[in-house]
**Student:** 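Quick one: the structure is below, questions incoming.
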2 protein chains.
Amino acid sequence: MVIGGRRSGRPTLEEVAARAGVGRGTVSRVINGSPRVSDHAKAAVEAAIAELGYVPNRAARALAGNRTDAIALVIPEAETRLFAEPYFSDIIRGVGAELADTDMQLLLTLLRTPKERQRFAQYLTAHRVDGVLLASVHEDDPLPDLLEQLEMPTVLSGRRSDLESVSYVDSDNVGGARSAVAHLLGLGRRSVATITGPLDMYVARCRLDGYRQAVEGAGLLHDNALVAAGDFTEEGGRAAMRALLERRPDVDAVFAASDVMAGGALQVLREKGRRVPDDVALIGFDDSAIARHTDPPLTSVRQPIEEMGRTMARVLLEEIAASTATRRHVVLSTELVRRESA
Amino acid sequence: MVIGGRRSGRPTLEEVAARAGVGRGTVSRVINGSPRVSDHAKAAVEAAIAELGYVPNRAARALAGNRTDAIALVIPEAETRLFAEPYFSDIIRGVGAELADTDMQLLLTLLRTPKERQRFAQYLTAHRVDGVLLASVHEDDPLPDLLEQLEMPTVLSGRRSDLESVSYVDSDNVGGARSAVAHLLGLGRRSVATITGPLDMYVARCRLDGYRQAVEGAGLLHDNALVAAGDFTEEGGRAAMRALLERRPDVDAVFAASDVMAGGALQVLREKGRRVPDDVALIGFDDSAIARHTDPPLTSVRQPIEEMGRTMARVLLEEIAASTATRRHVVLSTELVRRESA
DNA sequence: CGATAGTGTGGGAGCGCTCCCACATGTGAT
DNA sequence: ATCACATGTGGGAGCGCTCCCACACTATCG
């Protein structure tokens with residue numbers, strides 16, 4: 001590796017051209033992989049690049065080419081709290097992996113305050129990124145619409161509703177929930193309850209739908225007393241579990257829409273003297289670290305989150321490359337990870 | 001907020017100048033906060049900027065000014081696995097918070113493969129960032145030295161050794177460990193063991209030092225049989241705990257150098273029928289989510305990680321702004337969070 | 001053999017800034 | 001009045017690229 005060199009600055013395209021004995025245009029074409037270059041010229045340029053240790057100046061490229069070679073990964077306000085969850089790091093790792101072979105830069109943008117959102121809107125209008133990855137959106141989030149309006153290539157992780165128009169990559173929440181509940185039913189449980197997430201979140205409704213489909217598919221009657229609303233927090237899981245035991249003391253299985261809530265439910269079940277899984281079987285969602293650390297370890301539905309991140313990046317790059325606006329909706333399948341709680 | 005506008009592109013500095021009835025130079029001076037501008041001109045320019053919704057073109061600035069207004073947060077290979085740990089997300093949140101009021105961009109760089117490291121070295125020589133934050137370095141990591149050689153402003157989280165020359169922000173690992181072990185001793189425990197991290201990591205050695213200081217400070221003999229090497233993984237914690245029980249069945253307290261390892265140790269203790277904290281008191285390090293979810297919940301040493309992130313960003317910005325190379329070493333104090341395991 | 005179409009190539013223009021020189025104007029000392 | 005110096009200002013030059021036009025040179029055809 002060549003570090004530093006003659007002169008004050010790094011070599012420029014022009015210097016490469018001089019060394020290779022060609023014009024600026026030809027060097028540019030080689031760098032950008034244009035097919036309209038003779039093998040001979042290409043070889044000479046590549047040699048010159050290697051000799052000089054030339055690396056293109058990003059800013060100059062961006063200025064001349066009216067692009068930035070950078071994409072933003074945006075983590076909205078509500079999520080910065082949950083940032084520690086494996087969800088985001090796995091997304092980031094997936095995105096990073098996919099981008100590693102590109103020379104696309106990844107900008108991390110945390111949007112906590114309205115002021116920061118405002119500032120980010122400026123970023124966008126100032127065309128400081130070529131595209132945006134939006135990690136986890138709420139139903140009423142206007143950001144995707146702003147992005148669409150600005151014709152900024154965008155990919156969401158998850159979606160706001162069935163009608164989501166912006167490109168997204170989501171996991172099969174309905175199917176995951178369905179398979180979890182089917183598993184409980186297959187164990188012979190007949191009073192299968194669910195603890196839902198906040199129902200103003202699409203993901204929570206999907207998981208509830210999956211629960212319903214499985215229950216009804218087994219020819220059982222859907223009983224609203226078996227559905228308790230949680231909010232994806234541990235305390236919410238505890239409250240929901242208490243309510244369920246109150247309403248239906250005969251409950252023999254619970255599907256919680258997140259591991260955190262399942263953890264809360266587990267505490268209450270133990271308090272109330274119910275054995276897991278003997279008296280009550282329990283399944284969570286996310287297959288997070290918590291699932292491995294509860295006693296007993298939680299059976300849980302795993303989402304392929306890193307894969308989601310990779311896919312998001314891939315879809316975004318395609319969207320940036322495409323001349324016409326395309327929308328892609330990708331749903332990745334989930335997998336039931338069996339442990340001792342069910 | 002003005003979105004879009006007349007013409008094809010966003011307004012330029014020149015247009016702002018025309019509108020304000022001044023020259024390009026004056027607008028530039030206003031934007032960059034130069035004191036050499038009359039109040040009158042300044043007001044006119046600011047009005048024009050607001051009316052046009054002008055946002056400076058970053059690429060043009062970078063090209064003309066020979067800087068990037070971007071810093072890289074680098075997460076080296078070994079750590080991408082641990083990325084889910086609150087450590088990194090807290091660092092990121094802190095950095096993000098500190099940068100929010102700046103117009104410095106945060107680039108996330110995961111360095112997994114040697115190839116990616118190589119590529120990153122090119123980034124650096126190509127001057128694509130103004131500074132680098134390096135999250136968690138290993139003792140033999142050459143990256144800090146490369147950065148120093150390139151005169152790239154750099155701040156580490158943690159340090160490689162006592163002699164670290166590059167700027168860093170670290171937490172008081174020695175003091176944290178010491179207080180944890182002192183707490184165990186204060187409980188009347190006399191056979192206090194420790195599960196260390198990998199001893200080629202400075203942070204692991206610091207925590208071991210703290211352990212030693214506390215033990216010796218209490219007038220006890222240091223027994224090597226009470227020291228088991230782990231590797232910051234759960235499995236490592238399990239193995240170390242098994243070794244400890246084998247060597248010193250009389251062990252009545254354990255200080256693990258991370259919560260993850262403490263979690264592993266806890267499993268083994270339960271397997272072997274030891275009650276926590278009755279038979280064996282246990283303390284972890286990091287105060288991570290795991291600590292709250294084990295049974296019993298772990299007493300643990302908390303580091304002010306988000307604060308570390310904030311400080312890192314602050315120090316880096318100062319270093320970038322400073323004309324001369326400065327080195328700053330900041331050590332933040334830790335706190336023992338008491339739960340039921342000790 | 002000229003016309004027509006491809007290929008490869010050089011280099012001008014220009015992207016939107018910052019830097020800095022030159023100059024205008026103002027102020028106080030001589 | 002003259003000089004010295006600070007203060008404010010306009011605009012040329014140039015950062016390192018990409019885009020694209022113009023041109024040279026080939027092939028292919030009737």
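Numbered from 1 within each chain, the chains take letters A, B, ... in sequence-line order.
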**Student:** Please check: side-chain N/O of B/R93 versus main-chain N/O of A/L110, any donor-acceptor pairing under 3.5 Å?
**Tutor:** no
**Student:** Rounded to whole angstroms, how far apart are CG on A/N57 and P on C/dT18?
**Tutor:** 16 Å
**Student:** Please tell me which of A/A59 and B/G23 maps to the more 5' nucleotide of DNA chain D, matching each residue to the nucleotide holding its nearest heavy atom.
**Tutor:** B/G23
**Student:** Is it the case that over 12 heavy atoms from other parts of the model lie below 6.0 angstrom from the CG atom of A/N66?
**Tutor:** no
**Student:** Using a 4.0 Å heavy-atom cut-off, does B/R29 contact any base of the nucleic acid, only the sugar-phosphate backbone, or nothing at all?
**Tutor:** base
**Student:** To the nearest Å, give me how far apart CD (B/E14) and C1' (D/dG10) are.
**Tutor:** 11 Å
**Student:** How do B/G25 and B/L63 order along DNA chain D: which one's closest nucleotide is nearer the 5' end?
**Tutor:** B/G25
**Student:** To 10°, what angle do the rotation axes through the five end pairs on each side of the helix from C/dC1-D/dG30 to C/dA29-D/dT2 form?
**Tutor:** 50°
**Student:** Quick one: does B/R24 reach the base of D/dG12 with a side-chain donor-acceptor pair under 3.5 Å?
**Tutor:** yes
**Student:** Just to confirm, is there a sub-4.0 Å distance from OP1 or OP2 of D/dT18 to any side-chain nitrogen or oxygen of A/R61?
**Tutor:** yes
**Student:** Can you measure A/R58 atom CZ to D/dC15 atom C1' for me and round it to whole angstrom units?
**Tutor:** 17 Å
**Student:** Where the side chain of A/S167 meets the backbone of A/V155, is there a donor-acceptor pair that is under 3.5 Å apart?
**Tutor:** no
**Student:** Check A/D130, A/T68, A/L316 against A/M104 for a side chain to side chain contact (heavy atoms under 4.5 Å, CB included) and give me the one that passes.
**Tutor:** A/D130
**Student:** Just by distance, with hydrogens left out, do B/Y123 and B/T109 show a side-chain donor and acceptor under 3.5 Å apart?
**Tutor:** no
**Student:** Quick check: does any side chain N or O of B/S34 sit under 3.5 Å from a backbone N or O of B/N32, one acting as donor and the other as acceptor?
**Tutor:** no
**Student:** Looking at every non-hydrogen atom in both residues, tell me the closest pair between A/Y54 and A/I31 and how far apart they are.
**Tutor:** CE2-CD1, 3.4 Å
**Student:** Which nucleotide in the list C/dC17, D/dT9, D/dG10 gets nearest to the side chain of B/V37?
**Tutor:** D/dT9
**Student:** Any side-chain N or O of B/N32 less than 4.0 Å from the OP1 or OP2 oxygen of C/dT18?
**Tutor:** yes
**Student:** Could you say whether A/R36 or A/A60 is positioned toward the 5' end of DNA chain C, judged by the nucleotide with the nearest heavy atom to each?
**Tutor:** A/R36
**Student:** Does A/T26 put a side-chain nitrogen or oxygen below 4.0 Å from OP1 or OP2 of C/dG10?
**Tutor:** yes
**Student:** Tell me, with the steps shown, if A/R310 and A/E307 meet salt bridge (charged side-chain N to carboxylate O under 4.0 Å, His left out).
**Tutor:** CA-CA 5 Å; A/R310 259 199 300 277; A/E307 173 66 25; 3.1 Å; yes
**Student:** Expressed in angstrom and rounded to an integer, what is the separation of A/H40 atom NE2 from D/dC25 atom P?
**Tutor:** 16 Å
**Student:** Give the rounded distance in Å between these two atoms: CD1 of A/I31 and C1' of D/dG16.
**Tutor:** 11 Å
**Student:** Can you tell which of B/D145, B/D140, B/D141 makes a salt bridge (charged side-chain N to carboxylate O under 4.0 Å, His left out) with B/R160?
**Tutor:** B/D145
**Student:** Check whether any side-chain N or O of A/S38 sits under 4.0 Å from OP1 or OP2 of C/dG8, and answer yes or no.
**Tutor:** no
**Student:** If the sugar-phosphate is the primed atoms plus P, OP1 and OP2 and the base is the rest, what is the B/S/- string for nucleotides 22-27 of chain C, using protein heavy atoms under 4.0 Å?
**Tutor:** ------
**Student:** Send over the distance from B/N66 CG to D/dA13 P, rounded to a whole Å.
**Tutor:** 21 Å
**Student:** Rounded to whole Å, please give me the gap between NZ in B/K42 and P in D/dT9.
**Tutor:** 12 Å
**Student:** Go through A/D101 and B/K115 one step at a time and tell me if the salt bridge (charged side-chain N to carboxylate O under 4.0 Å, His left out) criterion holds.
**Tutor:** CA-CA 9 Å; A/D101 296 323; B/K115 194 179 147 206; 3.1 Å; yes
**Student:** Take the protein atom CZ of B/R10 and the nucleotide atom C1' of C/dG16, then report the distance between them rounded to whole Å.
**Tutor:** 13 Å
**Student:** Base, sugar-phosphate, or nothing: which does B/A41 touch, judged by heavy atoms less than 4.0 Å apart?
**Tutor:** sugar-phosphate
**Student:** Checking A/R159 side chain against A/D170 main chain: does a donor-acceptor pair fall under 3.5 Å?
**Tutor:** no
**Student:** From the options D/dT18, C/dT18, D/dG10, select the nucleotide whose nearest atom is closest to the side chain of A/L13.
**Tutor:** D/dT18
**Student:** Out of D/dT18, C/dG10, C/dT18, which has the shortest distance to the side chain of A/R67?
**Tutor:** D/dT18
